[in-house]
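Take a look at the structure set out below.
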Amino acid sequence: MASASSSAEQETLPPGVLRRAIAASAMGNATEWFDYGVYAFTVSYISATFFPGDTGSATLYALLVFAVSFVVRPLGGLVWGPLGDRLGRRQVLALTIILMAGATFCVGLVPGYDVIGLWAPLLLVLLRMIQGFSTGGEYGGAATFMAEYSPDRKRGFCGSFLEFGTLGGYALGAIVVLAVELFSSDPFMSTWGWRIPFLIAGPMGLIGLYLRTKLEETPVFRELDAEGEVESTPTHEFKDLVTEYWKPLLLLGGLVIALNVTNYTLLSYMPTYLETQIGLTSTASLSLFIVGQLVMMAVIPFAGGLSDRVGRKPLWYGSLVGLIVLAVPMYLLMRQGFGWAILAFAVLGLLYVLQLSTISATFPAMFPTHVRFAGFAIAYNVSTSLFGGTAPAVNELLIEWTGNTLMPAFYMMAACAIGLVALYFVAETAGASIRGRGIPGIDTVPHPTALAEK
């Protein structure tokens with residue numbers, strides 16, 4: 001159980017340090033999702049550059065390459081997670097952002113199939129695997145870093161800025177791709193134009209690295225390390241996770257199915273869906289996406305702050321039930337025209353924000369400090385690998401097999417139903433201490449200020 005003095009120490013953390021911790025976490029997350037967004041928005045150019053053949057097959061191959069990076073994410077979680085619990089969060093995050101940004105930068109340099117033949121798609125797959133391996137530690141580490149720097153009573157609000165970075169990275173990717181499309185010719189866009197957004201990831205990664213190296217290790221980890229209670233070996237940590245913390249591993253995996261099927265259906269597959277199934281132009285689909293993303297970004301800090309007052313679980317219940325009820329009506333509404341498509345995407349996006357805004361407050365708090373990074377990284381990445389990164393390709397295949405363009409809505413509904421089952425068994429952790437070796441919300445107590453606010 002967290003001591004009063006340690007909790008008070010966390011609550012009195014200098015605002016400047018907290019702001020820098022938030023910026024360092026969010027910048028890395030923005031770089032990660034900038035890459036995923038840019039890939040999603042340029043998939044038609046990537047398919048034409050790296051995969052010869054008819055457009056439909058080439059698009060499917062490009063989406064499968066998108067999914068390839070998720071195959072190695074669990075491996076990244078298995079490597080980076082235990083390292084983060086033994087060596088510290090900051091050192092791991094410095095390495096992951098360099099690998100991630102460097103691989104994204106190199107995607108923009110790989111020659112096409114017409115220049116180097118089969119080596120082109122093979123190099124693309126290799127770089128996507130490096131991105132996936134680094135992301136296996138990046139997201140869980142950034143969320144853990146953010147949560148362990150945040151005051152208990154404001155963990156939802158502070159943590160929401162990590163997801164502000166997620167949406168910001170996606171939106172920036174869309175804006176850059178749209179700007180290049182508007183100010184370049186079609187031949188240039190097909191050769192070098194689509195590569196420009198990938199090259200921008202290099203400087204973004206360097207900025208994130210600079211911010212992270214200027215910070216100390218999280219107060220929560222430093223405290224555990226000073227008490228000599230850090231996990232000694234990966235083997236011992238894996239044994240603890242499997243024997244003592246298998247339940248939060250499974251529950252987090254269930255929540256991530258709902259979270260990431262929704263995420264990758266709405267944020268990664270949607271541009272392809274709008275262009276291939278609804279018939280919108282690339283410019284129109286990107287414009288719609290940008291408007292929806294900006295609306296979500298405006299709302300996300302308020303949703304995170306609301307979770308500090310009413311709890312994480314009520315927001316999750318509202319999101320999951322709302323998506324199950326409204327997914328099909330909103331997909332039908334998208335067919336009615338550009339304006340209606342903006343409205344439908346905004347409704348689904350705002351419902352999704354209720355989950356998204358609480359990730360870095362909810363997920364790290366499901367594990368005690370000594371196994372937090374590894375528990376989060378492993379459960380999150382295994383579930384994401386199986387159900388998240390595959391969502392664009394699965395949605396495309398389901399539509400091809402059934403001829404039903406509503407399949408993405410049905411797939412999202414099924415994932416949210418699984419999330420509802422998992423959520424029922426998850427402990428409420430709003431205001432709970434996340435220090436020490438106790439499970440937050442079960443073996444730890446809320447901060448007194450958080451209790452007074454409820």
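Sequential numbering from 1 along the given sequence is applied to the chain's residues.
Between F363 and F367, the distance from one ring center to the other does not fall under 6.0 angstrom. In summary, the aromatic rings of W192 and F198 are positioned with their centroids too far apart to meet the 6.0 Å limit. Two rings, from F51 and Y113, have their centers 6.0 Å or more apart.
Inspection of the Y45 and E181 side chains reveals an N or O donor paired with an N or O acceptor under 3.5 Å. Counted by atom type alone, S25 and R212 present zero donor-acceptor pairs between their side chains at under 3.5 Å. For the residue pair Y245/D240, the side-chain donor-acceptor check at 3.5 Å is not satisfied. When only modelled atom types and interatomic distance are considered, N395 and T265 share a side-chain donor-acceptor pair under 3.5 Å.
Residue S307 comes nearest to R312 through the heavy atom pair OG-NH1, 2.9 Å, listed as atom of the first residue, atom of the second, then distance. Across all their heavy atoms, S160 and G304 have their closest contact at CB-CA, 4.0 Å. For L99 against S134, the heavy-atom pair with the smallest separation is CB-CB, 3.7 Å. Across all non-hydrogen atoms, the minimal contact from E237 to V371 is OE2-CA, 3.5 Å. Between L252 and M366, the shortest heavy-atom contact is N-CE, 3.6 Å. Across every non-hydrogen atom of A201 and T104, the tightest pair is CB-CG2, 3.4 Å.
Note that the CG atom of L332 and the CG atom of L326 stand 11.5 Å from one another [nearest 0.5 Å]. Atom CG of L95 is separated from atom CG of L87 by 9.5 Å, given to the nearest 0.5 angstrom. Note that CE of M146 and CD1 of I359 are 11.5 Å apart. Values are rounded to the nearest 0.5 Å. Distance CD1/I418 to CE/M413: 13.0 Å, rounded to 0.5 Å. How far OG1 of T31 is from CE of M204: 4.0 Å, rounded to the nearest 0.5 Å.
Salt bridge status for R128 with D35: present, with a side-chain N to carboxylate O gap under 4.0 Å. The pair E244-K239 does not meet the salt-bridge criterion, since no charged nitrogen lies less than 4.0 angstrom from a carboxylate oxygen.
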Practice item. Please step through side chain to side chain contact (heavy atoms under 4.5 Å, CB included) for the pair S69 and T135, ending with a clear verdict. Key: CA-CA 9 Å; S69 66; T135 302; over 6 Å; no
Exercise for review: Run the numbers on F238 and L78 for side chain to side chain contact (heavy atoms under 4.5 Å, CB included), then give the verdict.
Suggested key: CA-CA 9 Å; F238 289 139; L78 287 168; 4.0 Å; yes
Check your understanding: So R335 and T405, side-chain hydrogen bond (donor to acceptor under 3.5 Å, both in side chains) or not? Walk me through it.
Key -> CA-CA 10 Å; R335 299 176 177 179; T405 58; 2.4 Å; yes
Practice item. Could you go through the side chain to side chain contact (heavy atoms under 4.5 Å, CB included) check for L315 and Q355 one step at a time? Key: CA-CA 7 Å; L315 268 67; Q355 296 178 45; over 6 Å; no
Practice item. Kindly determine whether R90 and E216 satisfy salt bridge (charged side-chain N to carboxylate O under 4.0 Å, His left out), including the steps that lead there. Key: CA-CA 7 Å; R90 188 177 70 96; E216 289 187 291; over 6 Å; no
Practice item. Give the intermediate values and the outcome of side chain to side chain contact (heavy atoms under 4.5 Å, CB included) for residues I399 and N404. Key: CA-CA 5 Å; I399 291 173; N404 188 342; over 6 Å; no
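Side chain of E428 to main chain of A430: a donor-acceptor pair is present (N/O by atom type, distance under 3.5 Å, no hydrogens or angles). A donor-acceptor pair under 3.5 Å links the side-chain atoms of R155 to the main chain of T429, judged by distance alone. Checked by atom type and distance alone, the side chain of E32 never pairs as donor or acceptor with a backbone atom of E138 at under 3.5 Å. Between the side chain of K313 and the backbone N or O of A427 there is no donor-acceptor pair closer than 3.5 Å.
Under the side chain to side chain contact (heavy atoms under 4.5 Å, CB included) rule, F34 has a single partner from T166, N29, I200, which is I200.
By the 30° and 60° cut-offs, the orientation of the rings of F133 relative to W80 is tilted. Taking the six-membered ring for Trp and thresholds of 30 and 60 degrees, F161 and F157 have ring planes more than 60 degrees apart, a perpendicular arrangement.
Contact check for Y139 versus F376: side-chain heavy atoms found under the 4.5 Å cut-off. Taking the side chain as every heavy atom from C-beta outward, R73 and Y380 approach each other to under 4.5 Å.
Atom CE of M129 is surrounded by 12 or fewer heavy atoms from other residues, nucleotides or ligands within 6.0 Å.
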